[in-house]
Structure formats: C-alpha cells, structure tokens
A.B. asks: 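Structure incoming, see below.
We count ligands from 1, going down the list as the structure has it; atoms in each ligand are counted the same way. Index from 1, following the sequence.
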Amino acid sequence: MDAKILPFTSEYELHLMDESKKTGHAESIAFPKTAEEAAEILRYCNDLAMPVTVQGSRTGVGGGAVPLGGMIMNLEKMKGLKSGKDGETVIAGAAVPLEEISRFVRRQSGDSLFLPPDPTETTASAGGVVCCNSSGARTFGYGAMRNFVRRITVVTADGKILDIERGRFFAKGRRFDVSLPAKNGAPFCLELTLPSYNVPAVKNAAGYWIREDMDLIDLFIGAEGTLGVITEAEFDLAEKPPMIWGLIAFFGEEDQGVAFSESLKNTPGHGCISIEYFDRGSLDLLQDKQREMKGTLSWHVPEGFSEAVFLEVTAASKEEMLQRIGRIETEIRRAGGDPDDAWIAGSSRSFQSFKELRHATPESVNARIAENKKSHPGITKLGSDMSVPEGRLPETLKMYREDLRNAGLVFVIFGHIGNSHLHVNVISRNEEEYARGKQIYAGWAKAVSEMGGSVSAEHGVGKLKREFLQIMYGENGVREMRELKKVLDPKGILGRDNIFLWK
Ligand SMILES: Cc1cc2nc3c(=O)[nH]c(=O)nc-3n(C[C@H](O)[C@H](O)[C@H](O)COP(=O)(O)OP(=O)(O)OC[C@H]3O[C@@H](n4cnc5c(N)ncnc54)[C@H](O)[C@@H]3O)c2cc1C
C-alpha cells in the first residue's frame, strides 16, 4: 500500500480531542493526501473491520472527530482551492479552512461574491462544514451550508470514489435505486429504503436528513463522517450585498432583547442577515475576558446591561441603510431600549471587532470548560443546540432560565435568536454539576421535540447528544438510521458511534 498508516504515538495526542474537550484513544493515524489514498486506506480498514474516525480541523463541539479506538483519518493534507463554473462556484479540498475559502473568493470575484454560511469558527474545514451542515449567524438570511453544496467527492467505506452533484440522483418516494459511476472501478449501486421520519421544519442538523424524493447529496451532508469520507466539495457562491453594517443593541432589562428580536423578525424591510442574542451571563463572561486581556482587545463591553443583540444589516445604498437603521432604532425603543446605547459599525475595521466580540463568546465558554476540566476531568462542554418553531422561543428561554436557576447552575445563553435557536452553556464547576446539567438538558430535549423543534440545530449529534436524538426521533427512528448506515457501511467502520451507537 502506498498510503501510510502510522502507529499512534504521543506526538499525535492533540488528535484525540475536538472542541467538545472530550478525549478519546486510537491505535493508528493516517494523513491521506488524495481521494485515491483515502480509498486505499479505507479498503484496508474495511477488510479488518477497523473503525475509522475522520477528522477535519477538529473544531466540532459534539465529539464527532474524537476517536474511540481504531484509526484516525486526518485530512489536513487535502488542500487545493480553485474556481469552478465560470467563477460562480469554488472547489475546495477537504482540509481547506473557511477563512482561506473566503479570502480566495474575495480575491477572485473582486469582492462581489461570498460563501454566506458563517459558523463563527473560520478554521473549520470544507469537509467538516459539509459533514456537519454547519450554519451560524447568517443562517437567518441564507440558510445552512446544505443550501450551498453543489457537488462532493465521497469515498465510501469500501473504497469507491464517487462524484455526487446536486440534481443528478434522486430517491423515488423513500427509495433509492441508483447506480453511480465510481472513479476507481465498477459502478456503485445503491439500493436503499429511507427511514420513515421527516426532518422538522426548523433549523436542524440532528441525524440523517430525510425527505421523500430527496437528492442523494443531501444524505451525505450532515452525516457527521458516518456514511463516507468527503475529499472535495464544490460550493455555490452568493452575490455580496453592496453594504453590510454591524449593529449591537444593549438592553438594561432581561427579556427586552428577546422582545426586540422577535418583533424585528416581523418588521418588513429590516435587511438583517443575522440576529444574534447575548444574555447577562455572556456579557459577564466577555467583561471577564476584557479584564484578563487588560485592554488589548478590539472590543469593549459596557457595564450595566442585561442583554445585547447583534445584527448584520444589509442594504443596496447608504440611503437605504440609514432608513433600515431608523426602522431598527424604532424597534429598540419599542422593546424598552435606548438607540443611543447601540453601537453601529460601518467601516470594515469596526465591523470586524463586532465579529471578534461575537466569536469571543463561544471561545470564552470553551476556555472556561477547559480550565475547569483540569481539576475535574469528568466534565466536557455542556452546550445545548436546540431550535424551536417560530414564535416559541420566548417560552423556551423562560424554561431554560428557570430550570438552571432552580438548579443553582452557572450558565451562559447566546446565539442565533433569528432562527429561534439559542446555545445554553452550563459552566460546570465539578462532575456533580455536569451531571445535573445533563439531566436538565434531557428534559429540554423532550420539551423541544414535542414542540416540533430539533435537539441539534447546527452542531450535529456527535458522541455527546445521542440520547437526545433518541428522544427526538424515538427508538424506531434511530434504528432506521442504523439500518441506513448498514447499507453504505455494513461493518460500521466510519465514524463509529457518531449520531447513534453502532451496536
Ligand atoms: C468557538 C466555536 C464556535 C462555533 N460556532 C459555530 C456556529 O455558530 N455554527 C456552527 O454551525 N458551528 C459552529 N461551531 C462548530 C464547528 O465550527 C463546526 O462543527 C465545523 O463545521 C466542524 O468542522 P471541522 O473541520 O473542525 O470538523 P471536525 O470537528 O474535524 O469534524 C466534525 C465532524 O465531521 C466529520 N468530518 C470532518 N471532516 C470530514 C470529511 N472530510 N469527511 C467525512 N467526515 C468528516 C468528523 O468525523 C466529525 O464527525 C463552532 C465551533 C467553535 C470552536
């Protein structure tokens, strides 16, 4: 075999963890450079029924890239970035980080096109964002990564290299009977009955994405490395709005920011592509960070506010932008806030500092967990990722706060209020608090599922939210997912125990 499989040594220790801070173990590691090398390695592992955990940049927060034995297939050497289809798409090797894709597209298109989904962590890889169907703040305006994936190259568990382009292979009802040419050998025949559930009509990244008459590419998007290894992805690009300004509104009382966000969504002509919420805990955490960094940060959070809402506002001209800002200011006042407390960023430098502030929130949560883990190794990140149907967010947020306050837990709530999707993070100080938090989350998973929401709107299930998936889709739904995987990966080597337990 040309491709190398290396014994696992302490040199690779960092590869046992992702941003969930869960730690795993592995016997070997490989760094294939091409789809052909990945195929060769997979054929070898499949013959031995050896589990293979695929890794992109390991920024995932669900433990999906954390190996539980077997081999790590790390794709960091799969580089390569070029324009496709008259410059209207971009083609990236699995390892290319989002920040590099953005820079490339900006340069190639003269800053007229962009890849809208912005999962905050710009080091996430092209393959990783496809496999997690990542989304982030701009999902409010543009939807998740799925909407932008035009074509993928996938290597199957038994080493077939397939090119799957959107619009080519469809299910008939809930049945796939398709034959795909493989780049390396006999065609790949897929005979598969899809699970009987439907994905909910909310922002969702929980389990396999199933619809009647679905496109085959959508089965692989969001499959968290369990159905194939994606070695290359082609993304559609969108026209960049002529102007994007940032606005952060601060509110003195709890729920004012929530009321503002909810009414803004129903205000025509606001031009927002993202609406992001920060609770008091988030603002406190950011203030702690600015004290720690002693004035070296590009942003500063003022004292005395209970909530904040960050908006990205688009417009075709300055005149239209000012009209839109005027409308937003009216909504700030209506919710009980003062537009004079709001910050507006028109220049790209100040806008960038808003984005840095936004990113500092989840980063600070992750850092705090990593710190607490040093003295309490049994804890990992305990962050919820649930979305609810439109209009149900205020009552859901009330439930979150009441349950956590009653349990005496320290928490931070922030995120994508525009999509009725907030991240609740318990900052566990010990294993006992961690266990208490987990129990509360399971109760929410039930409540949110009963509302028609999702237990994972964007981070995926990984290895940390399998029980929640079972609550959402029931035992039958999870059994059907396992049956589906068995058709593509009969020995269960790929991403074993991601999404559901293999056995
Ligand atoms: C501070 C912070 C903020 C974040 N904010 C957001 C946010 O707002 N929205 C959001 O959606 N996400 C967010 N994320 C999550 C993260 O960026 C995504 O989960 C990301 O898409 C994962 O990409 P990755 O390359 O790091 O994948 P990894 O973490 O390496 O892997 C993630 C999963 O995909 C599988 N995988 C990776 N690459 C491949 C491949 N090529 N083929 C097959 N399987 C593969 C892995 O096996 C694993 O199951 C955040 C993360 C951090 C650290």
Side-chain angles (χ1 to χ4, degrees), residues 14-15 17-22 24 32 35 38 42 51-68 72-78 92-99 117-140 144-146 152-157 203-205 220-233 274 276 355-356 358-367 369-370 381 383 385 387 414-416 419 421-423 425 456-464 489 494-499:
L14 281 177
H15 293 81
M17 218 192 236
D18 68 3
E19 280 295 325
S20 69
K21 309 302 174 201
K22 182 179 170 68
L42 284 180
V52 178
T53 302
V54 189
Q55 294 185 338
S57 303
R58 288 180 294 105
T59 71
V61 288
V66 176
L68 299 178
I72 295 171
M73 183 181 279
N74 187 294
L75 303 180
E76 69 183 32
K77 298 206 166 130
M78 290 204 183
V96 181
L98 279 179
E99 58 196 359
D118 173 21
T120 318
E121 181 53 64
T122 56
T123 62
S125 69
V129 297
V130 173
C131 291
C132 293
N133 186 30
S134 300
S135 38
R138 288 181 177 162
T139 308
F140 178 67
M145 197 55 86
R146 182 180 303 283
I152 49 177
T153 303
V154 185
V155 186
T156 59
K203 186 176 171 188
N204 177 42
F220 290 90
I221 299 171
E224 302 189 49
T226 62
L227 300 181
V229 177
I230 295 184
T231 56
E232 184 178 271
S274 62
E276 298 281 297
K355 302 266 295 182
E356 283 166 17
R358 165 70 185 83
H359 188 52
T361 317
E363 255 188 358
S364 304
V365 169
N366 295 354
I369 300 298
K381 184 177 162 88
D385 182 31
S387 58
F414 65 90
H416 320 301
N419 290 106
H421 166 216
L422 293 178
H423 298 300
N425 287 273
S456 179
E458 67 179 6
H459 292 160
V461 175
K463 296 184 175 76
L464 297 181
D489 177 14
L494 283 172
R496 187 175 287 184
D497 294 342
N498 276 357
I499 309 183

A.B. asks: With a 4.0 Å cut-off, would you call E19 and K381 a salt bridge?
C.D. replies: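 Salt bridge: no.
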
A.B. asks: Quick check: do H421 and T139 have side-chain heavy atoms less than 4.5 Å from each other?
C.D. replies: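 No, every pair of side-chain atoms sits at 4.5 Å or beyond.
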
A.B. asks: Excluding sequence neighbours, so at least two apart, what forms salt bridge (charged side-chain N to carboxylate O under 4.0 Å, His left out) with D497?
C.D. replies: none

A.B. asks: Among protein heavy atoms, which sits nearest to atom 21 (O) of ligand 1, and what does the distance come to when rounded to 0.1 Å?
C.D. replies: S134 OG, 2.5 Å

A.B. asks: If you measure from atom 30 (O) of ligand 1 to every heavy atom of A223, S20, G56, G228, which option wins on shortest distance?
C.D. replies: G56

A.B. asks: Answer yes or no: does an N/O atom from Q55 fall short of 3.5 Å to an N/O atom of ligand 1?
C.D. replies: no

A.B. asks: With respect to atom 23 (O) of ligand 1, which of T139, T59, N366, V96 exhibits the smallest heavy-atom separation?
C.D. replies: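 That would be T59.
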
A.B. asks: Once you restrict to heavy atoms under 4.0 Å, what part of C131 touches ligand 1? Side chain, backbone, both or neither.
C.D. replies: side chain

A.B. asks: Output yes when a side-chain donor or acceptor of N498 lies under 3.5 Å from a complementary backbone atom of G64, and no otherwise.
C.D. replies: yes

A.B. asks: For N498, which part has a heavy atom under 4.0 Å from ligand 1: side chain, backbone, both, or neither?
C.D. replies: side chain

A.B. asks: Locate the shortest heavy-atom distance separating S456 from G460; write the atom from each residue and the value.
C.D. replies: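 The answer is OG-N, 2.9 Å.
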
A.B. asks: Measuring from atom 25 (O) of ligand 1, which candidate in S125, G60, G222 has the nearest non-hydrogen atom?
C.D. replies: S125

A.B. asks: Please verify whether a non-hydrogen atom of D18 lies at under 4.0 Å from ligand 1.
C.D. replies: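 Contact check D18 vs ligand 1: negative.
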
A.B. asks: So which of V54, V52, V229, D385 gets nearest to atom 46 (C) of ligand 1, if we judge by its closest heavy atom?
C.D. replies: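 Looking at heavy atoms only, the winner is V54.
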
A.B. asks: Below 4.0 Å from ligand 1: does a non-hydrogen atom of H359 turn up there or not?
C.D. replies: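 In this structure, H359 qualifies as a contact of ligand 1 - some heavy atom is under 4.0 Å.
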
A.B. asks: Backbone, side chain, both or neither: what part of C132 comes under 4.0 angstrom of ligand 1, heavy atoms only?
C.D. replies: side chain

A.B. asks: Please write down residue, atom name and distance for the protein heavy atom closest to atom 8 (O) of ligand 1.
C.D. replies: T120 OG1, 3.0 Å

A.B. asks: Which residue supplies the protein heavy atom nearest to atom 11 (O) of ligand 1, what is that atom called, and how far is it?
C.D. replies: S135 N, 2.9 Å

A.B. asks: Any non-hydrogen atom of G495 lying under 4.0 Å from ligand 1?
C.D. replies: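 In this structure, G495 fails to qualify as a contact of ligand 1 - no heavy atom is under 4.0 Å.
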
A.B. asks: What residues, two or more places apart in sequence or in another chain, satisfy ring-ring contact (aromatic ring centres under 6.0 Å, His included) together with H459?
C.D. replies: H423

A.B. asks: Counting heavy atoms only, which of P119, G93, S364 is nearest atom 5 (N) of ligand 1?
C.D. replies: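 Selected option, by shortest heavy-atom distance: P119.
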
A.B. asks: Checking contacts here: is it the side chain or the backbone of T231 that comes within 4.0 Å of ligand 1, counting heavy atoms only? Could be both or neither.
C.D. replies: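 Neither part.
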
A.B. asks: At a 4.0 Å cut-off, with the gap strictly under it, does some heavy atom of L75 reach an atom of ligand 1?
C.D. replies: yes

A.B. asks: Checking a contact table here: which protein heavy atom is nearest atom 31 (O) of ligand 1, and how many Å away?
C.D. replies: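 Protein heavy atom with the smallest distance to atom 31 (O) of ligand 1: A65 CB, 3.8 Å.
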
A.B. asks: Report the part of E19 (side chain from C-beta onward, or backbone N, CA, C, O) that has a heavy atom under 4.0 Å from ligand 1; answer both or neither where that applies.
C.D. replies: side chain

A.B. asks: Looking only at protein heavy atoms, identify the closest one to atom 28 (P) of ligand 1 and say how far it is in Å.
C.D. replies: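 Protein heavy atom with the smallest distance to atom 28 (P) of ligand 1: R58 N, 3.6 Å.
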
A.B. asks: What protein heavy atom is closest to atom 41 (N) of ligand 1, reported as residue, atom name and distance in Å?
C.D. replies: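 So the nearest neighbour among protein heavy atoms is I230 O, 2.8 Å.
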
A.B. asks: Give the residue, atom name and distance (to 0.1 Å) of the protein heavy atom nearest atom 27 (O) of ligand 1.
C.D. replies: G128 CA, 3.7 Å

A.B. asks: Within less than 4.0 angstrom of ligand 1, does G415 place any heavy atom?
C.D. replies: no

A.B. asks: Answer yes or no for M145: is there a heavy-atom contact with ligand 1 below 4.0 Å?
C.D. replies: no

A.B. asks: State, yes or no, whether a side-chain contact exists between M145 and C132 at a heavy-atom distance under 4.5 Å.
C.D. replies: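 No - every pair of side-chain heavy atoms lies 4.5 Å or more apart.
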
A.B. asks: Output yes when the distance from some N or O of ligand 1 to some N or O of E121 is under 3.5 Å, and no in every other case.
C.D. replies: no

